[in-house]
Amino acid sequence: MINLFQPQVGAEELAAVAEVFDDRWLGHGPRTKAFEAAFAEHLGVDADHVLFLNSGTSGLFLALESLDLADGDEVVLPSPSFVAAANAVLTRGARPVFCDVDPRTLNPTAEDVERALTPRTKAVVVLHYGGVPGDVARIAERCAAAGIALVEDAACSVASRVDGRAVGTFGDAAMWSFDAMKVLVTGDGGMLYVKDADRAARARRLAYHGLAQPSGFGYAKISARWWEMDIPEPGRRVIGNDLTAAIGAVQLRRLPELVGRRREICALYDRELRDVPDLLLPPALPPGQESTHYFYWVQMPPRIRDAVASDLYGDGVYTTFRYAPLHKVPVYGGQDAHLPGTDRAAERTLCLPLHPGLSDADVREVARLLRAAVGERLAAVPA
């Protein structure tokens, strides 16, 4: 099977893990702090505002918690999003309100977001679909002008930029995911950035049981009774550790190489698929934008999309559609929203395999099989 995603780890990551084993400290420690500092430098922000966590989902939950949402507050987010974003809203007692997206980019425009705003809107969560920054700069401007918090779900966008500025630094908070299917992988893990210093410090406390000052080994010089605890408010334990941070530090150094190979694969798909009838390729990036190239998505008539996916699966190529529209999920309110861009994208889009482990021959084979499946299905099911 040619996989959709595949982590790229090897000797360097294994050597970094071996060093952690040799030090006999696997938990939250110096390598965690070093990884946070390196990632902060990658973003161009202060390390005190960056926190390594056990997952990107934990980052979303902490980001929403830092905004002090109340019952009845509304949070706007694009319908094609991962479930973690809507779950984070619901658990704060707020209501997710889903906005539409551009049917080709699957990213919301500033106008899409504005149409979903009400006097009860307290925050916007924006996803950068497939690693493409989208309209984040304009959305950030509109949110700031309206006094609405902006959280960036940058899970797929670890290397994305707009005019040199890192995606994730436009809003009030942002998170990145490092799970086994992402571009930068640590097995499980994620990073949180919080712009406001006080909220960043609070997020760090909440991520480790709410402790104002960690207790235990290494803190004996800070307090005569280092075992005593100061807990201003209860938290939980969602911090990262030195084992996964060691892997992350290597992956961060390799990031230009990993993203560069993804870019090459996308360009090869573009060349191999550019003349397939009734097949749309991803739109070109706007000037000044850099993508992480997390997804490569194609679009085709809805009457053949599912059958083409089934044909490819039978031929040993795994494809999927991400992300299924959340406004149709009952637990999120089953909203009968009119979101034509989302509906159009959901009926036509298919994500192809994209990871640095693909050879050029693999990419050409995927393209060949896709071309054949589209042609056969169009002939069998005419318009």
Side-chain angles (χ1 to χ4, degrees), residues 20 25-40 42-43 45-69 75 82 84-85 87-94 123 125 149 151-155 158 168-169 171-179 182 184-219 222-223 226-249 252:
V20 178
W25 182 258
L26 310 186
H28 188 87
R31 285 181 172 81
T32 301
K33 301 300 292 183
F35 183 36
E36 290 174 347
F39 197 81
H42 167 69
L43 297 178
V45 300
D46 192 304
D48 289 341
H49 294 246
V50 174
L51 174 60
F52 182 46
L53 302 168
N54 64 356
S55 71
T57 295
S58 293
L60 274 173
F61 276 64
L62 278 173
L64 270 294
E65 192 167 355
S66 74
L67 301 180
D68 293 321
L69 299 174
V75 178
F82 188 52
N87 288 343
V89 174
L90 279 181
T91 58
R92 299 310 307 158
V125 178
V151 175
E152 294 182 68
D153 181 347
V158 68
T169 64
D172 298 279
M175 50 69 63
W176 294 260
S177 175
F178 304 147
D179 70 35
K182 294 301 187 295
L184 188 163
V185 303
T186 61
D188 274 312
M191 199 72 77
L192 173 67
Y193 163 69
V194 181
K195 182 174 292 185
D196 179 80
D198 291 338
R199 285 178 172 172
R202 182 183 178 220
R204 192 174 293 279
R205 290 196 304 271
L206 292 174
Y208 193 51
H209 302 297
L211 289 165
Q213 173 62 61
S215 63
F217 181 74
Y219 296 95
I222 296 175
S223 171
W226 56 88
W227 52 85
E228 293 183 346
M229 299 181 183
D230 179 11
I231 305 176
E233 60 180 319
R236 51 201 175 279
R237 194 182 194 281
V238 294
I239 52 174
N241 61 66
D242 276 18
L243 193 61
T244 49
I247 299 171
L252 184 59

- Task: Can you measure from CD1 (Ile239) to NE2 (His209) and round to the nearest 0.5 angstrom?
- Result: 7.0 Å

- Which atom of Glu152 lies closest to which atom of Thr169, heavy atoms considered: OE2-N, 3.4 Å

- Can you tell me how far the OG1 atom of Thr91 sits from the CZ atom of Phe61, to the nearest 0.5 Å? 4.0 Å

- Message: For a 4.5 angstrom cut-off between non-hydrogen side-chain atoms, does Trp176 reach Leu43?
- Response: yes

- Message: Tell me the closest heavy-atom pair linking Arg204 and Leu51, and the distance in Å.
- Response: NH1-CD1, 3.4 Å

- Item | Gap between atom CZ of Arg205 and atom CD of Glu233 - 0.5 Å precision | 6.0 Å

- Query: Between CG of Leu184 and CG of Asp179, what distance do you get to the nearest 0.5 Å?
  - Reply: 11.0 Å

- Query: Within a strict 4.5 Å, meaning less than it, do heavy atoms of the Asn241 and Leu26 side chains meet?
  - Reply: no

- Query: Considering all heavy atoms of both residues, which atom of Phe52 and which atom of Thr32 are nearest to each other, and what is their separation?
  - Reply: CD2-CG2, 3.9 Å

- Query: Less than 4.5 Å apart, any side-chain heavy atom of Leu67 and any of Val151?
  - Reply: yes

- Query: For the residue pair Val75 and Val125, what are the closest heavy atoms and their distance?
  - Reply: CG1-CG2, 3.8 Å

- Query: How long is the gap from CG on Leu60 to OG on Ser55, to the nearest 0.5 Å?
  - Reply: 8.5 Å

- Heavy-atom pair with the smallest gap, counting every atom of Leu53 and Ser58: CD1-C, 4.0 Å

- Task: Would you mind reporting whether Arg236 and Leu62 have side-chain heavy atoms less than 4.5 Å apart?
- Result: yes

- Tell me, please, which residues at least two apart from Arg92 pass side chain to side chain contact (heavy atoms under 4.5 Å, CB included). Leu64, Glu65, Leu69

- Query: His42 versus Leu252: any side-chain heavy-atom pair under 4.5 Å?
  - Reply: yes

- Shortest non-hydrogen contact from Thr57 to Ala84? OG1-CB, 3.6 Å

Output a table of donor-acceptor pairs, distance under 3.5 Å, between side-chain atoms of residues 188-196 and any protein atom two or more places apart or on a different chain; print 'none' if there are none.
| unit_1 | atom_1 | unit_2 | atom_2 | d |
| --- | --- | --- | --- | --- |
| Lys195 | NZ | Gly171 | O | 3.2 |
| Asp196 | OD2 | Asp198 | N | 3.1 |
| Asp196 | OD2 | Arg199 | N | 2.9 |

- Item | Side-chain heavy atoms of Asp242 within contact of Phe35, under 4.5 Å | no

